[in-house]
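These numbers come from the heavy atoms of this one structure, side chains and all, not from hydrogens, waters or symmetry mates. Each chain gets a letter, A, B and so on, in the order its sequence line appears, and its residues count up from 1.
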Amino acid sequence: MSDTRPLKKSKTKHTSTSISEIEAEHAEAEMLAHPPAAEDRSLHFHDGGEFNLEKRHETSAAYGERLGSGKKNPFTGENFSTKYFDILKVRHDLPIHQQRAEFLEMFHSTQIMVLVGETGSGKSTQLPQFVLYDDMPHLIGKQVACTQPRRVAAMSVAARVAEELDVKLGEEVGYNIRFENMTSNKTILKYMTDGMLLREAMEDHELSRYSCIILDEAHERTLATDILMGLLKQLSDRRKDLKIIIMSATLDAEKFQRYFNDAPLLAVPGRTYPVEIYYTKEFQRDYLDAAIRTVLQIHATEDEGDILVFLTGEEEIETAVKKITLEGEQLVREEGCGPLKVYPLYGSLPPHQQQRIFEPAPQAFKKGGRPGRKVIVSTNIAETSLTIDGVVYVVDPGFSKQKVYNPRIRVESLLVSPISKASAQQRAGRAGRTRPGKCFRLYTEEAFQKELIEQSYPEVLRSNLANTVLELKKLGIDDLVHFDFMDPPAPETMMRALEELNYLTCIDDEGGLTSLGRLASVFPLDPMLAVLLIGSPAFKCSEEILTIVSMLSVPTVFIRPSGEGAKRAADEAKKLFAHPDGDHLTLLNVYHSFESDEAHEVGQRKWCIQNFLNYRSLKSAQSVRKQLRRMMESHDVDLIEGNYESLSYYDNIRKALANGFFMQVAKKKSTGKGYITVKDSQDALLHPSTVLAQQDEWVIYNEFVLTSKNYIRTITSVRPEWLVEFAPEYYDLENFQQGDVRMSLARVHERVAKMKKASS
DNA sequence: GAGCACTGC
């Protein structure tokens with residue numbers, strides 16, 4: 001039934017390098033009441049003791065253990081709970097515990113160190129605690145920070161560590177993520193997202209409140225992590241008292257060491273099971289089909305154990321789920337196989353459906369019968385963000401959707417591309433979390449060796465850097481060209497970013513931050529949206545623009561289910577909100593309706609379902625709006641509500657949009673179909689989701705998407721006179737080559753000149 | 001007349 005077999009067995013044994021040691025359930029850590037401290041503190045050593053500041057950065061592992069195993073919590077002075085000692089036993093069994101002394105020795109001898117640790121080593125939870133006992137931040141009024149790339153990780157690790165230290169979450173141990181600051185003036189260990197620490201660095205370049213900064217999951221190379229690394233490298237010269245620890249999965253430890261001036265390395269073993277790797281003999285033309293057949297074959301021939309399949313996107317996953325389910329039923333009927341339950345898993349799936357992957361595998365039809373099995377068909381989300389125990393078989397076709405940036409046409413797009421060796425190893429590791437497993441790679445061993453790159457490209461090489469450059473400027477980095485990136489981005493990408501910021505007047509011609517740029521950097525938005533927001537009071541509609549910007553900052557609010565009838569119904573529902581001038585105004589209508597009395601009477605959640613709208617997106621637009629509004633207030637950006645009765649209500653909003661989006665304009669082609677972008681002369685079609693008819697000559701667009709065709713998406717019609725008026729330098733005729741756009745613009749300039757003459 | 005891998009502020 002399958003020509004992907006016989007699979008060649010490789011001798012390679014693989015050990016997982018999985019990431020989060022802490023599962024979500026720890027987030028619900030039970031908080032115990034602390035009994036009041038009654039006894040005096042004289043019973044030192046065999047009964048614990050107190051911190052001794054003189055020993056700071058000179059303590060031994062025994063010192064920390066003595067303090068941590070006494071009667072009283074040395075951080076709070078209160079008696080430890082019995083639960084504390086139960087957890088302490090478990091912690092002592094973690095591999096990293098053996099290396100506490102080794103860690104302290106290295107920590108004392110160097111300012112910057114690199115720590116690599118595999119899954120289950122306990123590095124994210126234990127290491128920061130080792131630091132606390134030696135660094136004693138509470139005695140010198142400082143804090144220890146530990147960054148995570150994801151919010152859930154920051155929250156759940158913090159909850160776990162608070163439990164381990166027998167303190168209340170938010171007091172000695174807390175976390176800080178966007179929209180939620182769970183810390184207090186007692187906090188000495190703070191888990192936070194990497195983006196959050198970057199924000200703090202923009203306010204305080206010295207990061208002076210910290211005595212030690214731990215960057216966790218550094219191998220993921222998020223934009224924020226990369227910038228922080230460059231920053232910390234610089235800062236380590238100015239602040240000799242600041243300790244820095246870079247934590248990573250094993251693969252690229254040397255690169256981190258080299259980057260940080262040959263920083264010493266500590267490696268801690270993980271706790272995972274070996275995974276056998278199988279390759280196909282031949283190249284698989286149709287990886288989707290091969291993946292489905294491999295799953296069915298595993299089900300028919302392999303021992304008990306769940307299957308995890310990696311595919312690239314929602315549509316592909318839903319197709320695979322349907323096919324596997326159908327053919328699985330056939331296997332049950334014809335071959336007497338056990339039951340098969342198939343679950344999709346991807347980011348845009350609502351949380352309760354994501355949770356279903358944790359349901360237990362189906363039972364065999366009869367006792368002692370062939371095993372039932374659970375199959376999870378997932379995007380990359382199961383590679384890093386979510387861990388599923390019980391997976392024994394991994395099917396890896398070797399592809400994922402990755403963001404790529406083309407600086408020439410200034411477009412970010414998603415492309416199905418081969419994964420890296422590191423990713424392949426990470427995927428394989430997912431099979432060895434509970435017992436030895438198998439990984440079926442749907443490509444040849446030769447392809448793995450020769451064609452896959454070692455590491456995925458870091459985000460900084462795949463993104464538009466306008467926002468990053470603005471952040472760096474705000475961080476006080478004047479010389480961007482010589483900023484020490486671990487992987488420097490292409491010069492053209494930097495040039496594009498500087499050019500864009502210059503057009504937005506966020507930086508002047510000398511590359512210096514302008515006052516507008518400084519203000520724009522306050523907002524957690526793309527510079528263009530920030531400038532749009534800051535400019536909106538001039539058009540007497542900043543409340544409305546604030547709403548539109550918030551709606552543009554969350555996942556799409558429109559739901560369009562599959563199935564012909566449902567699609568039609570969803571399209572009809574959308575028409576109720578449609579504004580003839582475009583999608584931005586349509587978003588405004590949706591938001592207003594969401595907050596209307598009518599929606600509240602029905603119940604917002606129900607109202608959303610009735611109107612094919614995404615409740616979660618709208619709620620998050622609300623919280624984004626609240627945050628941005630606060631920032632506008634504190635930075636004196638006027639909040640002005642447009643006059644809905646006025647005839648110019650919508651025109652004012654469109655003017656404000658034109659003022660912000662003047663770089664993202666397309667013009668209807670005078671001959672032929674479709675539109676052409678004004679700056680880069682790219683052919684583009686209006687995305688079919690637009691509410692606009694195809695007749696408006698000039699439009700601004702929110703994004704340019706490359707899929708089956710070139711599309712511009714989220715579009716509003718504007719008058720060209722506005723563009724010329726608001727961005728005269730950008731629309732100077734000399735900037736345009738001969739052609740359609742220039743000819744039209746010339747006529748616009750003439751009209752404007754005539755009008756001026758007539759009125760004077 | 002079509003889709004949004006995953007994060008983060």
DNA chain B: Glu315(A) or Pro149(A), which has the more 5' nearest nucleotide? Glu315(A)

Between Asn467(A) and Glu703(A), who's closer to the 5' end of DNA chain B by nearest nucleotide? Glu703(A)

Consider the side chain of [X], meaning its heavy atoms from C-beta on, and name the nucleotide among [options] that approaches it most closely.
X         : options                : answer
Asp571(A) : dC6(B), dG8(B), dG1(B) : dG1(B)
Arg462(A) : dA5(B), dC9(B), dA2(B) : dA5(B)
Arg150(A) : dC9(B), dA2(B), dG8(B) : dG8(B)
Lys673(A) : dG1(B), dC6(B), dC9(B) : dG1(B)

Distance, rounded to the nearest Å, where [X] contributes [atom1] and [N] contributes [atom2]:
X         : N      : atom1 : atom2 : value
Glu459(A) : dA5(B) : CD    : C1'   : 12 Å
Glu180(A) : dG8(B) : CD    : P     : 13 Å
Phe704(A) : dC4(B) : CZ    : C1'   : 17 Å
Met528(A) : dC9(B) : CE    : P     : 21 Å
Leu628(A) : dC9(B) : CG    : P     : 13 Å
Asp226(A) : dT7(B) : CG    : C1'   : 14 Å
Tyr405(A) : dA5(B) : OH    : P     : 22 Å
Met155(A) : dG8(B) : CE    : P     : 10 Å

Has [X] got a side-chain N or O lying under 4.0 Å from the OP1 or OP2 atom of [N]?
X         : N      : value
Arg199(A) : dG8(B) : no
Arg713(A) : dC4(B) : yes
Thr193(A) : dT7(B) : no
Lys401(A) : dC6(B) : no
Thr707(A) : dG3(B) : yes

Any side-chain heavy-atom pair of Phe594(A) and Lys619(A) under 4.5 Å: yes

Check every strand shown and say whether Gln627(A) touches a base, only sugar-phosphate, or nothing at a heavy-atom separation below 4.0 Å. nothing

Scan Tyr346(A) against the nucleic acid and name what it touches under 4.0 Å (heavy atoms): base, sugar-phosphate only, or nothing. sugar-phosphate

State whether Glu633(A) and Arg629(A) are salt-bridged, where the test is any N-O pair (Lys NZ or Arg NE/NH1/NH2 against Asp/Glu carboxylate O) under 4.0 Å. yes

Scanning both residues in full, the closest heavy-atom pair of Ala466(A) with Leu501(A) reads O-CD1, 3.5 Å

Hits for side chain to side chain donor-acceptor pair (under 3.5 Å) against Ser348(A), two or more places apart or cross-chain, chain-then-number order -> Glu314(A)

Check whether NZ of the Lys or CZ of the Arg Arg441(A) lies under 6.0 Å from the centre of the six-membered ring of Phe448(A) and within 45 degrees of that ring's axis. yes

